[in-house]
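Have a look at this one before I ask anything.
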Amino acid sequence: MKTCPTCQGSYPNNYAICPADGSPLQELGTWAEGSIIRGKYRLIAKVGQGGMGSVYKALHLAFDEMRALKVIAPELLSDALFVKRFKHEAVITRRLQHPNAVRVDDIDEAEDGRPYIVMEFIDGKSLKKLIREEGPLPVPRVLSIIKQCASALDAAHKLGMVHRDIKPDNIALLDTPDGEMVKVLDFGIAKVKEARLGESAGLTLTGAGVVIGTPQYMSPEQAMGKRGDELDGRADLYSLGVVMYQMLTADLPFKADTTMEMLLAHMQKPPSPIEVLHPELQIPKDVAALAMRLLEKNRDLRPASGRVLIQEIEKLEKDSLPVKTRVVTPDEFNRANEERVPSGGEGSIPAWSTTPRQQQEKVRRVEPVKVTPVQEVRQQPREVVPVEHVKVKESRWGMWVALIVLCLGIGGGVLYILTRPSPSKTTVTAMLTADPATIEKGHSVTLRWSSQNATDLDLEPGVGKVPAEGSTSVSPEESTTYTLTAKGSGEPQNSTAYVSVSNPVTPRVVEPPVNNPPPVFNPPQHNNPDQGSKDRTKTRTTRKPEPPPVVVVPPPAPGPDPKAVKSTITLGDFHLGRGEYDDAISSYQRGLQLDPSNSVLQQKLDGAIKACKKENAILNEGLSCGSR
């Protein structure tokens with residue numbers, strides 16, 4: 001929530017300007033620049049904002065020195081238990097007086113009742129920004145930074161404090177008269193967050209919650225959900241190992257797309273060996289081995305403490321590196337602090353931690369460990385030694401899963417090969433039929449053809465080039481064999497159709513034998529009887545015979561043409577092989593019309609009808625199956 005300082009109106013956080021009077025809005029509970037807190041600190045600017053509160057850069061009016069003031073958020077003021085823990089952790093952190101840890105000066109309550117802690121103001125560069133700008137850092141500088149961080153952590157661990165959130169963001173680098181100095185920030189803050197969140201703290205495999213720490217730098221113990229007294233200083237050393245790995249390679253040892261994947265990687269996945277991942281950097285083997293040992297999953301295999309880690313680094317410097325670091329005395333450190341005048345640049349990093357002034361007399365001062373600046377040294381070119389391949393110990397379950405997947409893949413491939421349909425052949429096919437196969441001279445016949453995989457079709461005689469499928473009518477003068485030649489990528493194929501041509505039949509006239517009928521006597525009619533008797537004596541006359549009727553005898557019916565019948569069988573088989581049941585049945589029926597007694601055709605027709613009905617019952621394709 002934001003408020004307008006002019007009209008005192010309240011607006012959502014996504015508003016920047018008051019819609020009523022145009023004044024810049026301020027967050028609710030935000031301290032205004034220039035305000036005087038408790039008569040001692042003048043606010044210069046707000047330099048940080050978090051879920052627990054805000055950090056301000058302020059000027060100590062009496063000392064004329066910059067300080068960092070951290071004040072809790074207004075909404076947390078009602079949580080009495082949180083306020084109590086916040087103050088308690090500030091008191092504990094106040095006891096950590098170490099040159100590489102941020103110093104807590106005071107704790108108090110502001111005029112609005114909110115508690116705040118006063119810390120030294122850090123004017124330096126974060127390690128995160130340094131890695132982003134410069135990439136992999138020189139090995140001596142890396143060891144110097146790790147050594148100083150380990151010194152601060154060792155002092156905190158002896159006081160029973162575990163940082164819980166070591167990362168480049170919480171490591172600041174200062175330029176001092178004595179060289180580069182490391183400051184570790186935010187001691188005690190993670191523990192306060194954890195205590196406030198209670199059982200919801202920690203994101204584990206068995207329940208969702210709020211992550212306390214940064215997943216990329218969390219130890220396996222934190223990833224498993226351990227909290228409070230279940231953690232010790234070795235968790236911080238693991239996080240410091242991730243930082244060391246990143247400084248050496250400018251890369252993280254684990255990469256993941258989600259928080260859960262990152263937590264699982266910290267718990268289960270071995271980190272990528274530095275000499276394998278980046279052989280071009282030529283990191284000394286002992287230095288790489290130390291970084292890998294800090295990243296051990298089992299905390300018992302890591303260095304036992306920050307002091308042990310420092311001793312191992314000093315041994316590496318003595319044995320392997322041309323430039324050594326030295327530990328300054330407390331007097332030298334105190335003298336350097338007295339001579340250093342703090343500044344307050346805009347890019348400064350606020351520090352965190354606290355404890356009231358009344359506790360100062362109880363502070364136990366820890367001997368500081370400080371590292372001199374690393375001088376740039378031109379090293380002689382080193383002989384490139386072949387990198388040993390480090391055998392990474394992997395869990396066996398991954399091997400079994402890979403084996404099962406491999407077996408399933410092989411079995412699936414074999415099953416596919418055995419059950420897959422046979423690929424269509426690329427050979428050239430051609431089919432030619434004549435309908436009808438026998439005609440009289442002067443009539444026409446229809447030639448039908450089809451082909452597959454043919455690029456050139458030629459129908460002779462008399463037709464020429466034809467498309468892949470079609471028909472044409474011809475009127476041969478005599479019996480002719482038509483040939484369809486199909487050419488393609490394979491062997492040329494020929495199909496023939498014979499057309500029988502017969503001359504027109506002339507009706508034959510058969511004259512029956514002439515049988516002369518008996519003479520017919522027609523006696524004349526006379527009134528005179530005597531005349532009639534005379535006529536009977538005359539010669540008998542013969543009746544002229546009538547012409548016999550013409551009888552046309554048809555020519556004998558020709559028998560079935562074997563070539564035509566064979567052509568229908570071949571065409572039917574062609575269609576049946578392609579699953580074209582209706583066309584196959586039609587061809588077989590046409591052949592039976594030519595030769596009704598052909599038993600082979602009848603068997604093929606019955607088989608085609610049966611197959612057609614069976615497929616139609618399954619696929620419901622609407623086939624007629626010869627019923628039309």
Side-chain angles (χ1 to χ4, degrees), residues 51-52 85 89 146 149-150 153-154 156-171 184 186-246 251-274 290-306 308-309 392-401:
M52 295 175 57
R85 284 172 174 161
E89 287 302 319
I146 293 297
C149 291
L153 291 174
D154 186 63
H157 297 162
K158 288 178 180 178
L159 294 174
M161 299 172 58
V162 180
H163 191 290
R164 292 174 170 81
D165 196 18
I166 291 294
K167 58 184 178 180
D169 274 331
N170 285 335
I171 298 174
V184 180
D186 279 2
F187 274 103
I189 298 302
K191 188 173 182 181
V192 174
K193 290 182 182 178
E194 181 183 281
R196 178 173 181 266
L197 292 171
E199 293 301 323
S200 66
L203 184 66
T204 66
L205 295 179
T206 57
V210 179
V211 177
I212 300 300
T214 305
Q216 290 85 346
Y217 302 90
M218 288 176 66
S219 66
E221 303 95 278
Q222 293 171 276
M224 287 187 288
K226 293 184 177 181
R227 301 188 295 116
D229 295 337
E230 296 176 310
L231 298 176
D232 59 21
R234 290 171 292 182
D236 287 342
L237 295 184
Y238 180 93
S239 302
L240 189 60
V242 179
V243 174
M244 181 177 179
Y245 190 105
Q246 188 176 8
D251 208 349
L252 289 171
F254 306 106
K255 294 182 180 179
D257 295 328
T258 64
T259 299
M260 185 59 68
E261 288 180 10
M262 181 60 72
L263 298 182
L264 285 171
H266 282 300
M267 290 187 288
Q268 299 176 355
K269 184 179 178 181
S272 303
I274 294 176
L290 177 60
M292 298 299 290
R293 199 153 70 84
L294 287 169
L295 295 177
E296 285 286 352
K297 308 297 182 189
N298 184 354
R299 59 185 177 183
D300 293 334
L301 300 179
R302 302 171 204 155
S305 66
V308 173
L309 176 58
V392 180
K393 184 178 179 181
E394 297 183 355
S395 54
R396 290 182 176 273
W397 67 267
M399 178 185 69
W400 287 111
V401 169

Quiz item: Is there a side-chain contact (heavy atoms from CB on, under 4.5 Å) between Met218 and Leu263 once you walk through the steps?
Solution: CA-CA 8 Å; Met218 288 176 66; Leu263 298 182; 4.0 Å; yes
Self-check item: Heavy-atom closest contact (Leu237 atom, Gly306 atom, distance)
Solution: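 In this case the closest contact between Leu237 and Gly306 is CD1-N, 4.1 Å.
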Quiz item: Got a second to check how far Leu290's CG is from Leu309's CG, nearest 0.5 Å?
Solution: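 Leu290 CG to Leu309 CG: 6.0 Å, rounded to 0.5 Å.
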Self-check item: Backbone of Arg164 reached by a side-chain donor or acceptor of Gln222 within 3.5 Å
Solution: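 Yes, the answer is positive, given that a donor and an acceptor are paired below the 3.5 Å cut-off.
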Exercise. Return yes if some donor-acceptor pair links the side-chain N/O of Asp165 with the main-chain N/O of Thr214 below 3.5 Å, else return no.
Key: yes
Quiz prompt | Residues that Glu221 engages under salt bridge (Lys or Arg N to Asp or Glu O under 4.0 Å), provided they are two or more places apart | solution = Arg302
Self-check item: Considering all heavy atoms, the nearest Tyr217-Ser239 contact
Solution: O-OG, 2.6 Å
Quiz prompt | Flag, side chain of His266 to backbone of Met224, donor-acceptor distance under 3.5 Å | solution = no
Quiz item: So, for Pro168 and Val243, which heavy atoms are closest and what is the spacing to 0.1 Å?
Solution: CD-CG2, 3.9 Å
Self-check item: Pairing residues for Asp257 by the salt bridge (Lys or Arg N to Asp or Glu O under 4.0 Å) criterion, not counting sequence neighbours
Solution: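 For Asp257 there are no salt bridge (Lys or Arg N to Asp or Glu O under 4.0 Å) partners, ignoring immediate neighbours.
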Self-check item: Any residue meeting salt bridge (Lys or Arg N to Asp or Glu O under 4.0 Å) with Arg234, in chain and number order, not counting sequence neighbours
Solution: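 For Arg234, the residues satisfying salt bridge (Lys or Arg N to Asp or Glu O under 4.0 Å) (neighbours in sequence not counted) are Asp232, Asp300.
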Practice problem: Please step through side-chain contact (heavy atoms from CB on, under 4.5 Å) for the pair Leu240 and Leu153, ending with a clear verdict. | Solution: CA-CA 10 Å; Leu240 189 60; Leu153 291 174; 4.2 Å; yes
Quiz item: Roughly how far, to the nearest 0.5 Å, is NZ of Lys158 from OG of Ser305?
Solution: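 Nearest 0.5 Å value for the OG-NZ distance: 7.5 Å.
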Quiz item: For the residue pair Tyr245 and Leu295, what are the closest heavy atoms and their distance?
Solution: CD1-CD1, 4.0 Å
Quiz prompt | Separation of Lys297 NZ from Leu301 CG (nearest 0.5 Å) | solution = 12.0 Å
Self-check item: Main-chain N/O of Ala156 paired with His163 side-chain donor or acceptor, under 3.5 Å
Solution: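 Absent.
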Practice problem: Check whether any side-chain heavy atom of Met262 lies under 4.5 Å from a side-chain heavy atom of Phe254, and answer yes or no. | Solution: yes
Practice problem: Drop me the distance from Ser272's OG to Met292's CE, to the nearest 0.5 angstrom. | Solution: 7.5 Å
Self-check item: Donor-acceptor under 3.5 Å (Thr258 side chain, Glu261 main chain)
Solution: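 Yes; judged by distance alone, with no hydrogens or angles, the pair exists.
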Quiz item: Going from CG on Leu294 to CG on Asp236, what distance comes out if it is rounded to the nearest 0.5 angstrom?
Solution: 12.0 Å
Quiz item: How many angstroms lie between CG in Asp154 and SG in Cys149, if you round to the nearest 0.5 Å?
Solution: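 Between atom CG of Asp154 and atom SG of Cys149 there are 12.5 Å.
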